[in-house]
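Both counts, for ligands and for their atoms, begin at 1 and track the order of listing.
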Amino acid sequence: MKFYLPTMVFQEKDAVRNHGEQMAHYGKKALIVTGRSSSKKNGALQDVIDSLEKFNTSYVVFDKVLENPGVGNIMEAAGLGRREGTDFVIGVGGGSPLDAAKAIALMIQNRDSTEEVLYQARDLRHLPVVAVPTTCGTGSEVTPYAVLTRDDLQTKQSISHTIFPALALVDGKYLEKAPLSVLVNTAVDALAHMLESYFHANATDYSRMLSQYAMEVWGVAADVLFGTEASEEDYARLMFASSLAGMAISQTGTSLPHGLSYYLTYHKGIPHGKAVGVFLAGYLDILPEEFEPQVIMALRTLGFGSIGQFAGLMKELLGSAELTGEEIEAMADGMAGNERKLAAVPFDVDRGQILKMVKSACAQP
Ligand code: NAP
Ligand code: FE
């Protein structure tokens, strides 16, 4: 078994304020990358700025990271970072700013390179990255992936470099003012990471341990997604489950639901978590019979009874995807020819099973 996770993680209330010195230690001038507004409202950006100022570290803020950022967005931020002589990057926000921070750190370090290296070269050097997550979904603070929108291919794709953040400062308090839709969409992304990693061709006892404990922690807080009022502990649990699930996929990668989701996000504008979540029950359903005891264990750990009940609750939470018959066939064709994703599935999967999964995500399959 192999286990590699080179990120220093502090997971606690006030993590950013408590570990400002650690954060400032990565360089002399930080490029802080964040989305347009949420990190100003939930206090994460101010926590980072206060901590840098306390330890006499300069910074410049790029607050224009888009949802599902594209290469142009990355190059705009990298241009600022290059001009300002920044020597480390701090991503603050959901998966979009965190993934962007990784790609930007690569493009600042390789200052004479153009955007092509994001997808062509492999494992070039990059500036150190600090990650401060404010959603409970991607686990990007502990994964080496950076998923960007590729208009040239009309899809989303992880860059070809693996970039683990050097430091992750993780605090559930940033979720406290998030709308329920953001909690639901991102917690379902984390749920997908647990399940896709658990039922993955690359799963090991280490990664399964992380997935399984993530399910347990997620299950305790899951009522929040269905409208129960959340406590401080619930927010901390959702955040912790997300990081655990991120650690699991950092070892295995994701599988068919993530592979299929990119079509829905790119062509239908469906947020990442929902785009993934609509395929989850269908994925469990096509697992061969020998996986049944593990499927039952996973669902019970999460607090669900059967695949049928799980499918119903996911539909209640997320709704369905609206796809034409042609789109359904095209998605099945695309995935049936995607060798990398097929290799992630721990059994021989055929086009018919993929088609069944896609249909199960639609309102009228
Ligand atoms: P996101 O795209 O980062 O953010 C979605 C929305 O939520 C934005 O409008 C954002 O506002 C807002 N938001 C963020 N934090 C908030 C908070 N605490 N309270 C209220 N609103 C908040 O969403 P995400 O689901 O976290 O990330 C999705 C991206 O991550 C996708 O590109 C996906 O492909 C990628 N991903 C990466 C990995 C990985 O391993 N690296 C894994 C799964 C997914 P602002 O724009 O104003 O900030
Ligand atoms: Fe995801």
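- Ring-plane geometry between His272 and Tyr262 is classed as parallel, the angle between the planes falling under 30 degrees on a 0 to 90 degree scale with a further cut at 60.
- Near Gly94, meaning under 4.0 Å from one of its heavy atoms, ligand 1 places the atoms 3 (O), 26 (O).
- At least one heavy atom of Pro179 sits under 4.0 Å from some atom of ligand 1.
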Chi angles and distances behind the salt bridge (charged side-chain N to carboxylate O under 4.0 Å, His left out) call for Glu67, Arg36: CA-CA 10 Å; Glu67 281 181 51; Arg36 284 185 187 277; over 6 Å; no
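- Under 4.0 Å is where a charged nitrogen must lie from a carboxylate oxygen, and between Lys268 and Glu327 at least one such pair does.
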Verify salt bridge (charged side-chain N to carboxylate O under 4.0 Å, His left out) between Glu232 and Lys173, making sure each step is shown before the conclusion. CA-CA 7 Å; Glu232 192 180 318; Lys173 80 176 178 188; over 6 Å; no
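- A donor-acceptor distance shorter than 3.5 angstrom exists from the side chain of Gln353 to the backbone of Asp350, with no hydrogens or angles considered.
- In the model, Tyr59 has a side-chain atom that pairs as donor or acceptor with a side-chain atom of Glu53 under 3.5 Å.
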Asp189 and Lys274: CA distance, side-chain angles, deciding distance, salt bridge (charged side-chain N to carboxylate O under 4.0 Å, His left out) verdict: CA-CA 7 Å; Asp189 184 24; Lys274 173 178 171 179; over 6 Å; no
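- Set against the non-hydrogen atoms of Asn68, the atoms of ligand 1 under 4.0 Å away are 31 (C), 32 (O).
- Using a 4.0 angstrom heavy-atom cutoff, Gly139 does not count as in contact with ligand 1.
- Less than 4.0 angstrom separates some heavy atom of Thr143 from each of these atoms of ligand 1: 39 (C), 40 (O), 41 (N).
- Aromatic ring orientation, Tyr26 versus Phe88: tilted (interplanar angle from 30° to 60°).
- Summary of contacts: the protein heavy atom closest to atom 35 (C) of ligand 1 is Asp99 OD2, 3.5 Å.
- The contact set between ligand 1 and Asn42, taken as ligand atoms under 4.0 Å from a residue heavy atom, comprises 17 (C), 18 (N).
- Using cut-offs of 30° and 60° for the angle between ring planes, the Tyr213 and Phe240 rings count as perpendicular.
- Considering both main-chain and side-chain atoms, Thr186 never comes within under 3.5 Å of ligand 1 through any nitrogen or oxygen pair.
- With hydrogens and angles ignored, the 3.5 Å screen pairs a side-chain donor or acceptor of Gln251 with a backbone N or O of Tyr4.
- Heavy atoms of Thr265 found under 4.0 angstrom from ligand 1: none, in either backbone or side chain.
- With respect to atom 33 (C) of ligand 1, the closest heavy atom belonging to the protein is Lys156 NZ, 3.5 Å.
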Test side chain to side chain donor-acceptor pair (under 3.5 Å) on Ser39 and Thr34; report intermediate values, then the result. CA-CA 7 Å; Ser39 68; Thr34 190; 2.7 Å; yes
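- Scanning all protein heavy atoms for the shortest distance to atom 27 (O) of ligand 1 gives Gly95 N, 3.1 Å.
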Just do the salt bridge (charged side-chain N to carboxylate O under 4.0 Å, His left out) check on Asp171 and Arg17 with the steps written out, would you? CA-CA 10 Å; Asp171 186 346; Arg17 290 186 180 271; over 6 Å; no
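- When the heavy-atom distances from atom 44 (C) of ligand 1 to His272, Lys177, Lys274 are ranked, the shortest goes to His272.
- An N or O contact shorter than 3.5 Å links Tyr145 to ligand 1 by distance.
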Test log, rule side chain to side chain donor-acceptor pair (under 3.5 Å), inputs Thr149 and Tyr266: CA-CA 8 Å; Thr149 297; Tyr266 191 86; over 6 Å; no
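- Screening Thr135, Val92, Asp47 against Tyr174 for a side-chain contact (heavy atoms from CB on, under 4.5 Å) leaves a single residue, Asp47.
- Across all their heavy atoms, Ser160 and Gln120 have their closest contact at OG-N, 3.8 Å.
- Proximity to Ser140 (heavy-atom distance under 4.0 Å) selects the following atoms of ligand 1: 41 (N).
- In terms of protein heavy-atom proximity, atom 45 (P) of ligand 1 is closest to Ser38 OG, 3.4 Å.
- Annotation: atom 3 (O) of ligand 1 to nearest protein heavy atom, Ser96 N, 3.0 Å.
- Each of the atoms 42 (C), 43 (C) of ligand 1 lies under 4.0 Å from some heavy atom of His193.
- Ligand 1 places these atoms under 4.0 Å from at least one heavy atom of Pro97: 3 (O).
- What sits closest to atom 9 (O) of ligand 1 on the protein, heavy atoms only, is Glu67 OE2, 2.9 Å.
- At least one donor-acceptor pair under 3.5 Å links the side chain of Thr138 to the backbone N or O of Ser140.
- Heavy-atom contacts of Arg36 reach the following atoms of ligand 1: 45 (P), 46 (O), 47 (O) (cutoff under 4.0 Å).
- With hydrogens left out, the protein atom closest to atom 7 (O) of ligand 1 is Val182 CG2, 3.9 Å, a heavy atom.
- Proximity of a side-chain donor or acceptor of Asn18 to a complementary backbone N or O of Lys13 within less than 3.5 Å is detected.
- When the heavy-atom distances from atom 15 (N) of ligand 1 to Ile249, Thr254, Thr134, Leu175 are ranked, the shortest goes to Thr134.
- Legend: protein N/O/S atoms lying under 2.8 Å from the Fe ion (ligand 2), waters omitted, number 4.
- Protein heavy atom at the shortest distance from atom 38 (C) of ligand 1 is Thr138 CB, 3.8 Å.
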